[in-house]
Amino acid sequence: MTLEAVAARHTKLNKIEKLKQTRTYKDAWDALERYAKEGYDSIIKEDIDYFLKCFGIFDRPSTPGKFMMRIRIPGGRLDVEQAAVLGRMAKEYGRDYMDLTTRMQVQLRYIEIENIPYIIKELESVGITSWQTGVDNFRNIVSDPLDGLAFDSIIETAPLAAAMQDLWHKKDEWIAALPRKFNTSISGTMTNRCNLFAHDCCFALAMKDGEYGFNVYLGGKVGAVAESADVFLRPKEVLGFYESLIKTYRKFGFRDSRNKNRLHFLIKEAGMEAVVDTVKDMAGRSFEGAGETLVKQPRTDERDGRIRLKDATFALHMVVPSGIFSGTAMIEAAELSAEYGNGKVNISTTQNLYILGIPEDRIPQALQQKPYDRYHCISTPYFNQMVACAGIDLCPFGVIPNKSDAIEMADFLSQRVPLPSDASIRMHWSACVKGCGVHELGDIGFIGCKAKERGETVYGVHIQIGGKSTASQEEAYTIMKSVPLKHAGYYVAELAEAYLSLRRRGESFERFESRVLRKYSKGAIEFILRWNVEICEPNGYDKLLFDSKWEPNPEYNEIFLLGLHIYKVLTGQNAYQGVHLFNPIESTPARHICKVNPDVDKDIGDIVMKMIASSGKRYEVFTEITKEMAKIREK
């Protein structure tokens, strides 16, 4: 089906599209100086709700009368002058607070409308801006924070990203002209340091017929990883393809439902082939089929703390837990880079910093300078790559505090299950389903929600595992829902224990999950975690252990096998003389576990006995068991 035919099904306009027909971003920009003079109460609702966001100005109900400003930092690259100005703006006008974001940007908070025109002027005087960082615009183009610098950087992408941005930045025909936001990523390195496959349009380092270029992936969003468009581009072809793609989206993207108008939904309804064919028509040329994607390595740089660069200097890492930074610290980082490095400070998608160009012999002295007195070069594996978006304190969509929760859990796990320095585990926290913490790409992902505990509503999380950062492009899957936040750390500690005990030398959690945990059903994983935390720990029983030799099976067979193991642990005896095809060979039922070991609680014993019953009498799925366990927990 053609895009024209698909678009004909979506002719209605949502309320935002109707609003854009009555007022423009120019009206809001012209009014900004007046708002600054007359104060917060003079701002009209349309501008508060929509048009000021075209300039990265966001009203935040959690900070009444104060704004958040989102600052575009292309590729996360800052020079010392830009970093110093950002720090000064935060220090003087934003309570010395700033967030480093997963799009390699900076967010200032607590900003009063009276100061916003001056802040924008100061930022633009050093070449950075807040324009088009919200609503229906192109968001910051992300790339490798070590683009062109690291040894695995094959194609330097900064010039390409700048050329792409020039197509639409501050261009009247593009501002607020899209059906919805549009995220772009590009990486010319072999390591995925920028969550490469999570965007509307992704250019991934590739090779075809001995030539380096980019494979194109399209349609990524929260909850969906981008899919191959079967297109290979040489560097000189990227700009033409990108311009045709964004024109295609502007023309045919849906404008009826705000919840289903990203590029992802156009691809799902029309098909990738139809979208790519339209791009080709728009470009007036064809493109070659995809080559071999070379972005195959997960990021591990953070665990090393320092990364040797092509020019023999080093990028020195700085762990910024949950991206919570300050203007003072940014100024200090700029001064540090100016004195010890090459005057460059790069932000990563893990909300951390790199101080670039430091000679090896100056690293020890550099680490003695501020802000390294407060931020580590290397932290524990739980902190090194942790990501967390703003929660209820600063975001109107947040369901849980989030940033502080992420830090608290990382602290808890660091003490309860210390991991060796060669371990790597990516924990991504989103305060709500909107997913600004990119939870779907984490080794362990958390989504803020409400949970119930003894009839009371409490903060909770859905827990996911299995997100991949490499070209396999797999998003995380949910293993537990609505877990009270104060208990979540204990379940995650069980995963960390399994990783610690079964990992191979140097193995990341990402690869460990593929090798071991992926053999288990989701239900089995949840059951093992709950059994260990809710049954074994309170009663002093030996815990169930994950097994690297486990064979994938239907849930009812997994239930039988785990039940047999529990029976033997709690009684010291086998339940049956023999087993064949996941059933006992004898017709006589096993002795009830409580008769063999009277210390076992009867309710627990009944669960185990039903797990090891013959087919037709045992539990079919793990959710039946977890419901029974919940009744025990509530007693």
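Worth saying up front: this structure is predicted, and the values here are computed from it rather than measured. Start at 1 with the first residue, then count along the sequence.
- Looking at E513 and K468, a side-chain N of the basic residue comes within less than 4.0 Å of a carboxylate O on the acidic one, giving a salt bridge.
- The cationic group of R426 does not satisfy the cation-pi geometry with F509, failing either the under 6.0 Å distance to the six-membered ring centre or the 45° limit from the ring axis.
- Residues E474 and R518 have side chains in contact (heavy-atom distance under 4.5 Å, counting atoms from C-beta outward).
- Around the NZ atom of K519, the shell of radius 6.0 Å holds more than 12 heavy atoms that belong to other residues, nucleotides or ligands.
- Salt bridge annotation for K296-E292: present, with a cationic side-chain nitrogen under 4.0 angstrom from a carboxylate oxygen.
- Between D606 and K602, at least one side-chain nitrogen of the basic residue sits less than 4.0 Å from a carboxylate oxygen of the acidic one, meeting the salt-bridge criterion.
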Item to check | Pair W550-V516, side chain to side chain contact (heavy atoms under 4.5 Å, CB included): steps then yes or no | outcome: CA-CA 8 Å; W550 187 262; V516 178; over 6 Å; no
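- Inspection of the Q351 and T102 side chains reveals no N or O donor paired with an N or O acceptor under 3.5 Å.
- Salt bridge E497/R416: absent, no basic N to carboxylate O contact under 4.0 Å.
- Remark: Y372 OH is packed, more than 12 non-hydrogen atoms of other residues, nucleotides or ligands lying under 6.0 Å away.
- The backbone N or O of G220 sits nowhere less than 3.5 Å from a side-chain atom of H264 that would complete a donor-acceptor pair.
- Between R262 and D200 a salt bridge is recorded (basic side-chain N to carboxylate O distance below 4.0 Å).
- A salt bridge is defined here as a Lys NZ or Arg NE, NH1 or NH2 lying under 4.0 Å from an Asp or Glu carboxylate O, and D147 with R193 fails to meet this definition.
- Applying the 6.0 Å contact sphere to NZ of K568 captures no more than 12 heavy atoms from other residues, nucleotides or ligands.
- Taking the six-membered ring where the residue is Trp, F546 and Y520 present perpendicular rings, their angle passing 60° and hence far from 30°.
- Aromatic pair Y382/F412: ring centres not closer than 6.0 Å.
- Side-chain contact between S482 and K452: absent, with no pair of heavy atoms (C-beta onward) separated by less than 4.5 Å.
- Shown here are the salt bridge (Lys or Arg N to Asp or Glu O under 4.0 Å) partners of E628, two or more places apart in sequence or in another chain: K631.
- Residues C389 and A431 approach most closely at SG-N, 3.3 Å, considering heavy atoms.
- Contact check for R139 versus F182: no side-chain heavy atoms found under the 4.5 Å cut-off.
- C395 and S62 make their closest contact through N-OG, 4.1 Å (heavy atoms, listed as atom of the first residue, atom of the second, distance).
- Panel note: side chain N402, backbone G448; no donor-acceptor pair is recorded below 3.5 Å.
- The side-chain heavy atoms of H317 and I378, taken from C-beta on, include no pair separated by under 4.5 Å.
- Contact annotation: the side chain of I465 approaches that of L495 to within less than 4.5 Å [non-hydrogen atoms, C-beta and beyond].
- Between Y459 and I392 there is a side-chain heavy-atom pair separated by less than 4.5 Å.
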Next on the checklist: If you apply the rule side chain to side chain contact (heavy atoms under 4.5 Å, CB included), what do you find for I400 with V461, and how did you get there?
Outcome noted: CA-CA 8 Å; I400 60 174; V461 285; 3.9 Å; yes
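- Applying the 6.0 Å contact sphere to NE2 of H376 captures no more than 12 heavy atoms from other residues, nucleotides or ligands.
- Salt bridge status for K403 with E408: absent, with no side-chain N to carboxylate O gap under 4.0 Å.
- The pair D422-R303 does not count as a salt bridge, with every side-chain nitrogen at least 4.0 angstrom from each carboxylate oxygen.
- Using cut-offs of 30° and 60° for the angle between ring planes, the Y576 and F560 rings count as parallel.
- If you take CE on M386 and CZ on F446, they are separated by 10.5 Å, rounding to the nearest 0.5 Å.
- Annotation for Q385 and I425: closest pair CB-O, 4.5 Å, computed over non-hydrogen atoms.
- Taking the charged nitrogens against the carboxylate oxygens, R530 and E526 do have a contact shorter than 4.0 Å, which makes a salt bridge.
- When atom types are taken as modelled, the side chain of E475 and the backbone of G467 share no donor-acceptor pair closer than 3.5 angstrom.
- Using a cutoff of 4.0 Å between basic side-chain nitrogens and carboxylate oxygens, R503 and E507 are not scored as salt-bridged.
- With a 4.5 Å cut-off on side-chain heavy atoms, I447 and Q464 count as touching.
- At least one donor-acceptor pair under 3.5 Å links the side chain of N553 to the backbone N or O of E551.
- You'll find the side chain of Y556 stays beyond 4.5 Å of the side chain of F582, heavy atoms only.
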